[in-house]
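Whatever order the structure lists them in is the order used to number ligands and atoms, beginning at 1.
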Amino acid sequence: MILAVTFLYFTAGPILSDKVGEITTAIPEALPAVNPVPAAKDKSEAKTMETSARNRSSEYLILVNKTHSLNKNYEPKDLTTADPVVKGASQYQKLRKPVAKAFKKLSDAAAKKGMTIKVTSGYRPYSYQKYLFNKYVDKDGRYRAEQYSAEPGHSEHQSGLCADVSSPSVNYNLVQAYGTTAEGKWLASNAHKYGFIIRFPKGKEKITGYEYEPWHIRYVGKAAAKEIRKQKLTLEEYLEEVD
Ligand SMILES: [Zn+2]
């Protein structure tokens, strides 16, 4: 485990550096602190780290959570309507282009197994998240609302990298019981093949800050998704944001 931690620590440098180059002007608030890069202990370790760093350097590994926010004006430039979607479930059903493409593959693969998985909502602008969060605070109080809804700027939905998905078996609702349906189980076991992770897993509530959401999938790319699933990590742990 110590090796794994060192490993993650080292690789955080190049990843974040890449992000700085790409998104500084658009979303400066989203950038976590850049860790200093420790010297590698020997050549073989250095080689492993380099390979890993390269694989992990991705704009799709951006972290948006209760401590990392997006600028209120941030909107991805490559949004496209997701397919398939639950028509009328939300006015916001767009995803970033590569994410929409990956979701289509996921949905097609599920269909081959006789299952229907559709997007209910995707990208949400800051203004809409603000409206939603305030509505939930009015309804349930701030403490309760924070367990399931994000403050504006802190919602991953603003990144265009995640989607809420559902199936006819739960009437396309977003409910925890979705995790026990055939579709929900298939999603948890196969989403990584298409570059997605279940972003708020059961048992990791203290790390993610959110209740279990079997319907909320986040695109991180295939390599990261595979590793996150294999090691049973959250994105926070993968990006070494927690101990
Ligand atoms: Zn969601």
Atom of Asp164 nearest the Zn ion (ligand 1) (restricted to N/O/S, atom name only): OD1
Aromatic plane relationship, Phe200 with His216 - under 30° parallel, 30 to 60° tilted, over 60° perpendicular: tilted
Cation-pi check, Lys204 onto Tyr212 ring (under 6.0 Å, within 45° of axis): no
Contact check: His216 to the Zn ion (ligand 1), N/O/S below 2.8 Å: yes
Nearest-0.5 Å distance that lies between atom CG in Asn173 and atom CD in Gln176: 13.0 Å
Nearest-0.5 Å distance, NZ of residue Lys101 to CG of residue Leu95: 14.0 Å
Which atom of His157 approaches the Zn ion (ligand 1) most closely (N/O/S): NE2
